[in-house]
2 protein chains.
Amino acid sequence: MVSLREVALRAGVSPSTASIALRGDKRVKTDTRERVIEIAHALGYVPNGSARDLKRKSKQIIGVLLHDLGGPFYSEVLRGIQHRMHDSGFTPIVGCSAPGNHGALTRLLLEQRVDGAIVLDPLVDKEALIRIARRGLPIVVLDREISESGIYSVMANHEQGAYHATQYLLEEGFRSIAFISGPDDSTHSKARLAGFCRALAQTRQRGVCAGIYAGNFTEDSGCEIAYQIMRDQGRHRVDAVFAANDEMALGVMKAFADVGVVIGQEVAVMGFDDILIAQYARPALTTVRQPMYDIGYHAADLICRALVQDRSSLPTEAVVFPMQLVVRESTKKTTFEGGI
Amino acid sequence: MVSLREVALRAGVSPSTASIALRGDKRVKTDTRERVIEIAHALGYVPNGSARDLKRKSKQIIGVLLHDLGGPFYSEVLRGIQHRMHDSGFTPIVGCSAPGNHGALTRLLLEQRVDGAIVLDPLVDKEALIRIARRGLPIVVLDREISESGIYSVMANHEQGAYHATQYLLEEGFRSIAFISGPDDSTHSKARLAGFCRALAQTRQRGVCAGIYAGNFTEDSGCEIAYQIMRDQGRHRVDAVFAANDEMALGVMKAFADVGVVIGQEVAVMGFDDILIAQYARPALTTVRQPMYDIGYHAADLICRALVQDRSSLPTEAVVFPMQLVVRESTKKTTFEGGI
DNA sequence: GTGAAAGCGCTAACAC
DNA sequence: GTGTTAGCGCTTTCAC
């Protein structure tokens, strides 16, 4: 492996001169500089990253920690990160934090191979992140909140998303809406339920809430609860079901379809998350989406700023993005009536 | 940042002793060893990766280069890689090679931050990879072939996949099959066409080939060509269309559906790749799939073996995996006849 | 303008 | 058993 010393040797200069020359520093005479550069190029010299990292303080690399690599959800976030990082001088490197918080977290963050990190994994231990931040590594956490100097949060406003979605259902004229929550320990589920309740509390209509059912975010639980809703609806027919995530909403649609209830016409179904399948479901599922590209872009922006600017200019509160309502067929009464 | 020297200082030993002690080496007395470990733990000491990488030859990190991070195609490959790497001592780190071959490729491979690399990106310059391999870094390329010592290829057998798919169409009784190829410069398209032709050449039937049309892998081109096929079919009706990728197949289905031709019943459509949408199409698209998990697993296996075993035990030829036929509704005549 | 020297934090010989 | 020494490849004062 060709080292700087070798380049210097062949160019007849000292390693230190070669080092500055290769960065195009004007301090070294033009012809020496060009000679060094040419020789380095001819030899295929590339500086050793470890050696340079060791000497310099900065590595110009940002670690991105995901729970599991791949998956359509992450891809948009990564696109946002890449776009912001592009031409910033920083390179994003992605690791998977899944296997026992080991591997990538250790290699990238603990062993100081990166200058900063973006963490999108609810399972990465909060204390571990705080410890790392205390060591001086800026961290942006996505979709969760950690109050600690050096840790920045970027997330979507789930409460507002659910509020907005519920308002839409009310505007469309639905008057008996059931809500299916996720597991109790999910902050997302809580926030979504809160948004649902706030929208109902604001409306003049009474008795719109047709029950709040406890699901567990799985398609099966959505399916079961849909049957339960059908059994329960004695006095007033439920005309809309708002599930706290898309998987459950799909389960609900399946159950209704199985007993011949026409989705959209007889009952509306609202999901949450906009997973990929939502748009391919039949009818396509109306749902609420996080602005994932924006979240990634902003996360990258925060990290870059934390590394080049004064950190006091950065927000101490979580940066919250509004969620977007994606209206599709599952909440449209006109679906099969020749409407647009 | 707490360094080994500091740990050693507080433990009252030399850095070298601390270094060995921390690795649990029996050479140092048990109580010294435990004291060092305890102090290191108390101080939150983690060795500096750059320093260690610089000293040791190996880094225990494998770079995975993808064209664009995210996307359902990659996620299975990554799963396979992770499973194989797990407990191997190596940690996979993913970088994106897209922006002008810069960034991740430089940072990870050129600057020697990894021990080996898995490259899944047709656009990464072949010469660059060869140069890197010559420097001693083992590389596994996926879905392409590079003949060079130190570069190993893992790929799916596209020719066999297309052959198999065509045979299936023949067995199902289709007797007038049109093929839509991809762009001329695509080796995949060529291989798929070759498989199609081989299957037809083997059959006793004459005149099964109802034309080979040149598409460009886009949905639009599939759509256009479908219309052309309908115009062309003067003497014998085409009863099946085999598109060299799923996007084109979906375009074909769209075109047929638009003019009221019932897919499955009146004409069969076969795709290639099994992109995610294939299973959500209506009717669901019969297609051919790469064993992506296996490919990832095997790629990781090759890299690990290249790093710990004698390289002479590794294959010099590309490792080729068979593709899997995924039968769905778009090639089933019985779709709407009450069949299973 | 250029080179000598020191050192980033760690590991591995070799001495004691 | 433990410490001393040297050095991985690079950058960075500071002399000349």
Side-chain angles (χ1 to χ4, degrees), chain A residues 1-37 39-40 43-61 106-107 109-115 135-137, chain B residues 1-37 39-40 43-61 106-107 109-115 135-137:
Chain A
M1 194 62 56
V2 37
S3 69
L4 180 62
R5 212 172 55 88
E6 195 168 333
V7 174
L9 229 56
R10 303 221 187 188
V13 296
S14 77
S16 46
T17 306
S19 176
I20 350 188
L22 283 172
R23 260 169 293 148
D25 195 310
K26 297 283 183 191
R27 279 181 302 178
V28 11
K29 222 189 332 180
T30 312
D31 62 336
T32 334
R33 191 181 344 129
E34 286 175 351
R35 185 159 35 92
V36 171
I37 291 178
I39 289 175
L43 293 179
Y45 168 76
V46 182
N48 179 308
S50 309
R52 184 200 265 158
D53 290 350
L54 182 59
K55 186 66 189 171
R56 294 201 193 171
K57 271 314 152 197
S58 93
K59 293 130 179 63
Q60 304 298 95
I61 296 179
T106 306
R107 289 291 205 286
L109 312 204
L110 257 12
E111 294 184 353
Q112 309 170 57
R113 264 179 262 255
V114 298
D115 291 335
R135 294 169 59 179
L137 197 89
Chain B
M1 196 60 58
V2 38
S3 69
L4 179 62
R5 210 169 57 87
E6 196 168 333
V7 174
L9 229 57
R10 302 219 187 190
V13 297
S14 79
S16 50
T17 306
S19 176
I20 350 187
L22 284 172
R23 261 169 291 148
D25 196 309
K26 298 281 183 193
R27 278 181 301 177
V28 13
K29 221 189 332 180
T30 312
D31 61 339
T32 334
R33 192 180 346 128
E34 286 174 351
R35 186 159 35 91
V36 171
I37 291 178
I39 290 176
L43 295 179
Y45 168 76
V46 181
N48 179 307
S50 308
R52 185 199 266 156
D53 290 350
L54 181 58
K55 184 67 190 172
R56 297 200 193 170
K57 272 313 152 200
S58 92
K59 292 131 180 61
Q60 303 297 96
I61 297 180
T106 306
R107 289 291 205 286
L109 312 203
L110 257 12
E111 294 184 353
Q112 309 170 57
R113 264 179 261 256
V114 299
D115 291 336
R135 294 168 57 179
L137 196 89

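Please read all numbers here as calculations on a predicted model, not as lab measurements. Chain letters run A, B, ... following the sequence lines, proteins first, then strands; residues in each count from 1.
In this structure, CG on A:D115 lies 11.5 Å from CG on A:L109, to the nearest 0.5 angstrom.
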Side-chain donor-acceptor pairs of residues 17-24 of chain B under 3.5 Å, sequence neighbours excluded:
residue : atom : partner : partner atom : Å
B:T17   : OG1  : B:S14   : OG           : 3.1
B:S19   : OG   : B:R23   : NH2          : 2.9

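A search for salt bridge (Lys or Arg N to Asp or Glu O under 4.0 Å) contacts involving B:E34 returns nothing, not counting sequence neighbours. For B:R135, the side chain to side chain contact (heavy atoms under 4.5 Å, CB included) criterion is met by A:M1, A:V46, B:L110, B:Q112, not counting sequence neighbours. Under the rule for a side chain to side chain contact (heavy atoms under 4.5 Å, CB included), A:K55 has no partner lying at least two apart in sequence or in another chain. By the side-chain hydrogen bond (donor to acceptor under 3.5 Å, both in side chains) test, B:D53 is found to be paired with A:R113, residues two or more places apart in sequence or in another chain being considered. For B:L43, the side chain to side chain contact (heavy atoms under 4.5 Å, CB included) criterion is met by B:V2, B:V7, B:R10, B:I39, not counting sequence neighbours. Residues satisfying the salt bridge (Lys or Arg N to Asp or Glu O under 4.0 Å) criterion with A:R35, sequence neighbours excluded, are absent altogether. Here B:R52 pairs with A:E111 under the side-chain hydrogen bond (donor to acceptor under 3.5 Å, both in side chains) rule; sequence neighbours left out.
The outermost nucleotides of DNA chain C lying under 4.0 Å from heavy atoms of chain B, listed 5' to 3', are C:dG9 to C:dA12. Between chain A and DNA chain D, the heavy-atom contact criterion of under 4.0 Å yields a 5' to 3' nucleotide range of D:dG9 to D:dT12.
Comparing the helix axis at one end of the helix from C:dG1-D:dC16 to C:dC16-D:dG1 with that at the other, each defined from 5 consecutive pairs, gives an inter-axis angle of 40° (nearest 10°).
Residues A:K59 and B:R107 share a closest heavy-atom pair of O-NE, 4.1 Å.
The stretch residues 9-35 of chain A touches DNA chain C through A:G12, A:V13, A:S14, A:S16, A:T17, A:R27, A:V28, A:K29, A:T32, each having a heavy atom under 4.0 angstrom from the strand.
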